[in-house]
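Quick caveat, the model's predicted, so the values are computed rather than measured. Lettering follows sequence order; numbering is per chain, from 1.
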Amino acid sequence: MTNSIREIRDADCIFITGSNTAEAHPVISYEVVRAVKKGAHLIIIDPRRIPLVDHATLFLQPHPGTDIYVFLAMMHVIIREGWMDETFIAERTEDYDAFAVILEGYTPERAALASGVPEEKIIQAARWYALGERAHGESIYGEAHGHSTILYAMGITQRSNGTDNVLTLANLSMLCGQIGKPSTGVNPLRGQANVQGACDVGGLVNVLPGYQQVTDDKLRGETAKTWEVEKLPCNVGLTIVESTHAALAGEVHAIYVMGENPLMSDPNSNHVEQAFRKLDLLIVQDIFPSETAYLAHVLLPAASSLEKDGTFTNTERRVQRIRKVISSPGEALADWAIIADIAARVTQKLDRKPGPEAWKYDSASSIFDELTLVTPIYSGMSYDRLEPSGLQWPCPSETHPGTPILHVDTFARGQGKFHAVEARDPAEMTDEEYPLTLTTGRVLYHYHSGTMTRRSAPLHWREPRGYAEINPQDAEALGLKDGFAVIIHSRRGTVRTKTKISDGVPPGTVFLAFHWREAPANRLTQDHTLDPVAKIPEYKISAIRLENPRAR
Amino acid sequence: MSDTGSSNGKQKSKVHPSGDDRYVALDRTMKRFHNEKDALLEVLHSAQETFGYLSEELLFYISNHLHVPLSQVYGVATFYHLFTFEPQGKHNCIVCTGTACHVKGSSEIVEKMSAVLSIPVGKTTEDGLFSLSTARCLGCCGLAPVAVINGEIQGKATPETIAKKVGLILADEMVVQDQEEAG
Amino acid sequence: MITLSIDTKTIQVAPDTNVLKAALDNGIHIPHLCYHPELSISGGCRLCLVEVEGQDQPVLSCGLTAAEGMVIQTQSEQLKELRRGVLDLFISDHPLDCVVCDKAGSCTLQEYAYEYGLKETSYEPTVSSTLFQDDNPFFLRDHQYCILCGRCVRVCDEIVGVHAIDFANRGFETNIATPYDGPMIDSTCVFCGNCVQVCPTAALMPVSRLQRGREWDLDRTLSVCGYCGVGCQIEYATKDDDIIYAQAPEHGTANGPFLCTKGRYGWDFATNPERLKQPMLRRDVAHELGLSEEPWELPETSPLDIRKPNVEQYFVPVDWDTALEFVSSRLSEITESHGPDSIMGLASARCTNEDNYLFQKFMRAVIGTNNVDHCARL
Amino acid sequence: MSRDKLDQIAEKEQARQSQFDKRVHCCISTACLSAGAGRTIQTLRDSVDAAPTGDEVEVVQTGCMGLCSRGPLVRVQEKSGEEVYYADVDSECAEELVAKTVSWDQAEAKQQELSPELQAVRDRLETARKKRSLKKHILSPDLPFFTKQFKVVLRDVGYVDPEKLEDYLAHGGYEALHKVLTEMSPEQVCDEMLRSGLRGRGGAGFPTGLKWGFVRREESDVKYVVVNGDEGDPGAYMDRTVMEDNPHQVLEGMMIAAYAVGANHGYFYIRAEYPIAVDRIRGAIRAARRHGILGKSVLGTDFSYNADVRIGAGAFVCGEETALMHSIEGKRGVPRMRPPYPSTSGLWGKPTVINNVETLASVPAIIKNGADWYAQIGTEKSKGTKVFALAGQLTNTGLIEVPMGITLREIVYEIGGDVPGDAEFKAAQTGGPSGGCIPNTHMDTPVDYESLQELGSIMGSGGLVIIDSTTSMPEFARFFMDFCVDESCGKCVPCRVGTVQIRTLLDKIIDGRGEPEDLDDLEVLCQLVRSTSLCGLGQSTPNPVLSTLRFFRQEYEALIPSSV
């Protein structure tokens, strides 16, 4: 997030797209509810009628995959009506003209045609967002224009044009000068406890800790020096989806999986399974025998986050301490201790520098101290400084207070760059054989592949079974009633589950959460067309067909 | 105001049983107030007038149409004593217990009627024929004590006159019943 | 800023601050039951009365906006009498069974009764509601302890936005209700338990806490939730290495004093018997290494289609040294035979920065590959 | 619609009325209706149709004439303006009344062709002429019940047909509104009200001009005027009567208030127990809208105004202004803390004037006659008149309007005609459940805000219940406590639990289980509830107990076994 969670409550206009905030990030939805109760406008753009729509002052429901037309048309309107922030554009950004030219073609009429969202709603959303208008009450900022913030999540990134979507929202915020101030910005809501931190410390194929490109010789050299190794690999690695392709092709032989369940969470599960079965070595290090574990050669028992010390970095870039609350069961160990041991052994076997002694860590805190040496955005941090409320990166020095708001005076790259983005359709469109669109996501009571939440007694009690949410119109066409069994087919596979008939999804769209091993949604999703830049699979859009087993 | 479509999140939208005209009247009231939340009290009045009492289904229906949480609808409905959650008797007797009526002995009328009908105040006889209730002031203090039987005000009432009046109504009902059984 | 004096202490507060908040933030204690800093003002408990210079009658400090030069007294004989009288009325409609109450030690009403020396009520004890609802495994609702402060109703509406409960009926009959007092699951409740957190008495209690220890028996550890990316701080109350219940700290960084259902109630997975407790080798691998006698082959059935997964059927337990030696040897062999890029490592968004840092360092510095990814995109 | 057109309507109506030789007014307000006024007015009409006379006679339905205990009431108004009141007019009496008041003209009669039904009526009229009972029904105009009154609010009540805007116009209706719209600035209107000394008639007695001034000075695009017609005190029905019997008078007052404060929208909040008042006010709004009195450009000026009706649902506490606003907003009628006062943050957070019906009904007369005229009525601090609903153990019960400062003695003995039978006057209960009992030893207390308060009671909205020696005061106090327990909203603990505990103590004492210290405990508890409750209702709840403890302590003591 460019801004902090607490600022949301003071926003004048909140724009949420591709985020089922109340179910996936309930505590952030509390901030949104507060803001709305104080009089903020809440604009939601989502194909599903998500629970937060109950609080929205404007709800735009585009056909799946067509939201970018709405975003582009909003900007078209903003420029046409002169609602943009010309000073901000002139002083803080570049490449505006090329971007503005592209927008000329994206009229609200065209967007309405493509997305099914009425023109007047697009114009209304554009106005409220650009000018930061409130429904009632007074802005705490007391400026000519109110402060508008954008919240988004996987609904717009897990798409074959996810990067375009994100750039478009960035364009929108810059166009209106709604960035670099409190209660504004472009705020992705990260789905997992430490997804931000895992990225920050280099858990990505193209960057070292602190987002230092692996291809940059100088930065790579500095890290190598700190680590006292001769050299570090300089080519961008394979992402998880690419790796499964490579495994099938016989290029990848071993996969070490720590605390993940790719068989459930990666697209096209059948394909993933084939790849994993082909491996010479699959190491699964986890707290439970996950679905993936049943294909592994070796299982390593890990301590859960309740059983170890360390740090998590949340979606607002806040690095916070986690602490050991209870002991781990049996012989389970903290992940870092397992890795350190394996690393020491492999170092010895491969005779790597600086030798196994370098992998002796006595505590999480000593690892963190080393981490800050190679991670510039963390370099001012220490466990002591993280008391009591953590620090938000960048925190480059020991006296730096952390950074609640990014891009205040200048963007990371200097000037904010407008990207001229065109709308693109999803990779897999519906056709006669697969006439419906499947979209995946979460329900409130479960988390990811359900490894933890489905083993929690109260959460299981509340939501024991999976279901596919189907619009009454589609259900009626197939003679499906609420609670009936239904079979979902896609080009990749088949899943059987129960129906939940609800007008929360529009006609033509089916929603299936990906928590249920009995109905693994990712048997249906596709892995052939990834976002070209971010390599994100298009979980949110797959063409499917429903079958009513009773009708056989 | 809020422009967010019709259904209400988790609360499934229940379509009213088609053919029940009474919902049409209710819909008309809600429409008159543009389905604004603030019209809740007016809508509850209209619902009770049309249906006789507020059933669970009815509150659910109102909650969905006005976008007022069901718990709030329930909370509001139970706050006001005029709303009732049970079907009312075919006939009713309301005894005023305002100050003027009180000093002129209205509590004796209440006691008497409660005994005659064998029901406590606020209840309906098992056969659904008669409901007994009290009102805090009907504004007819000049005629105290006052009771209202089937909408007709009985001024300067006594336990006996009211019991007699109710007795007559009940006797008529018996005749009707006998006739129905015979027919 | 506005300057006022409370109990002779000079205090500066932002405009529009109420006097109660001003006092509490500055360490001056005024009793209050319905006020909560994150919620709208109710004014129903009548305890936070103070004396304002120039006004005859005591005023509620929660509803009094601080003004320049205001002079406030929070303690006096008159105020003590009034507060004591109000508390006396509260406890006349509340069971005084503190000796067996799970909330003892953290109950605000108990604390005030102690402070004002109320051993018992001077009135006829009259319980307005005896409803007891244990219709869900998250929390219990015991209405006889309810003092109708309404914090639960406000948190449900103003913060969570679901309005599952509201006041129903009126006067002495008032109670906090779901529609028709039905079970929670039939309401719009999302079981976030924020109502439990703000409840000052034992009217709302976590099920997990029932008869498992009281305030003084519990240890508390502040950590961060392991679910979504909001990073809510959670305070875990433990006893003998067991979690008794979880709640938000008073001032959580991202979450304030609130949590969602997963964070507050979803921690019991940790003690689920299915947890992996020791390293294991797959039966065919174990056989190959001479650790298991029976030959074995990985079944064709997809793990996703195994009805009742049983890890023992697939794996045999081994000690750590065996497991780590196997892993490190195999990794070394594959690195040498197929090159570093034939190995891929999947880090985790559920592991700590320290775990992930070491993981990627291992992949890059030891194995020598940038094939390190995690589910950031998933 | 312009003023001229309204004048034309008024003149036309006046002309129409003046053509009648006699106008027979029959009260059809609730009390008279329940005494059979429906049948009476029908008989009057039939009889006039059937009577062999050349007189032009109009039978008019009107509102309350005051002496409700003697209903149905009928007044015959001669062309000369002379009036005669008849009480207890049942059908039989109505026939005799018509038979004797119209000039009997057989010649005229012969020319008429009558239906068989009317022929039957005429036959009965013949007989009725010979009866001699009508005298008993005539009320002397010299009755103190009439002479002691001074009517401002009720001036036209009982004369105007409440369902005819024309009639209201004919009585000078909407002249005051026109005057403020065309001749006065909002500020001047507020000043005029301030000078008149008018204080809120809902009970608390806050100066109306001051209240309006607060709202006028608030800066807001939207402001509201609310008419508090949730007349909840048992034993009080002044507001109902005004709303039922002269709805336009209230509407006019409301619109003047709206102009003065800058509001363009308002609500009547009327309790559901008053269905006729609801209908009449709704009817008045419709008629006013049709005639361009409500809506855009009121009376052809720039001022625009709309009014709506909201109906209560059986909650006494909704008479409290913040609870009332919640109720209008469709919420539970629970009061909230003040400040903020409605004048800064009222309905939907907007500045709002909330006035009681009687207050607003006083406004048109004040504007028309001037503040000075009004200020000379009443006492120094309590100006003007007050309407009381006189009820209980009295000969004449009904609705009266008296100048402030009149003594209780005058009201009870002269207007009320003393306690009937052998019993003796014991106390007067004012202000409903929030008020207190004034014993016969304080008969010469002037009725004004301050004096009543000194005696531990309040003016309240105007219920005045007379209690005779047969009533036990502790039991009477318990009656009010029952009411308060029932009507407490339950928000704050002193009122929710305190009232229950007060009642428990009263039960104990009345049941003869009391102990000497219980009386002191009762008093302490009452003081606690009074000083710690959230709203005015809770704060005044203990008044009936405290005032009876003060004046009739010996009755309590007599109930305690050990103290005897």
What closest approach, in Å, do [X] and [Y] show between heavy atoms, and which atom pair accounts for it?
| X | Y | result |
| --- | --- | --- |
| A272(D) | H45(B) | CB-CE1, 4.0 Å |
| G330(D) | L40(B) | O-CD2, 3.5 Å |
| G333(D) | F79(B) | O-CZ, 3.1 Å |
| V103(B) | V465(D) | CG2-CG1, 4.2 Å |
| A100(B) | A391(D) | CB-CB, 3.6 Å |

ask   = Could you name the residues of residues 81-89 of chain B that have a heavy atom within less than 4.5 Å of a heavy atom in chain D?
value = H81(B), L82(B), F83(B)

inquiry  = Using a 4.5 Å heavy-atom cutoff, which residues in residues 104-118 of chain B come close to chain D?
reply    =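 Within residues 104-118 of chain B, the residues under 4.5 Å from chain D are K104(B).
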
Quick one: which of [options] has the most heavy-atom pairs under 4.5 Å with chain B, could you say?
| options | answer |
| --- | --- |
| C68(D), G392(D), G398(D), P433(D) | G392(D) |
| G312(D), G71(D), S29(D), G432(D) | G312(D) |
| A389(D), G490(D), G36(D), G232(D) | G232(D) |

inquiry  = Within the structure provided, determine whether W348(D) and D38(B) are in side-chain contact (heavy-atom separation under 4.5 Å).
reply    = yes

inquiry  = Are the side chains of R310(D) and L41(B) in contact, using a 4.5 Å heavy-atom criterion?
reply    =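 No. Closest side-chain heavy atoms not under 4.5 Å.
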
[X] versus chain B, the contacting section by heavy-atom distance below 4.5 Å:
| X | value |
| --- | --- |
| F480(D) | side chain |
| L67(D) | neither |
| R240(D) | side chain |
| C318(D) | side chain |
| R271(D) | side chain |
| D486(D) | both |

ask   = Where on Q72(B) is there a heavy atom nearer than 4.5 Å to chain D: the side chain, the backbone, both, or neither?
value =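 Q72(B) touches chain D through side-chain heavy atoms alone.
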
inquiry  = Working to the nearest 0.5 angstrom, can you tell me the gap between Q429(D) CD and H102(B) NE2?
reply    = 10.5 Å

request  = Starting at OG of S327(D), measure out to OH of Y80(B) and round the result to the nearest 0.5 Å.
outcome  =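 If we round to the nearest 0.5 Å, S327(D):OG and Y80(B):OH are 3.0 Å apart.
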
inquiry  = So for atom CD, which belongs to E424(D), do other residues, nucleotides or ligands contribute more than 12 heavy atoms lying within a distance under 6.0 Å?
reply    = no

message = Which one wins on heavy-atom pair count under 4.5 Å against chain D: L66(B), L44(B), T99(B), T78(B)?
response = T99(B)

I'd like to know if the side chain of [X] and the backbone of [Y] have a donor-acceptor N/O pair within less than 3.5 Å.
| X | Y | result |
| --- | --- | --- |
| R332(D) | G75(B) | yes |
| E273(D) | A135(B) | no |
| K156(B) | S69(D) | yes |

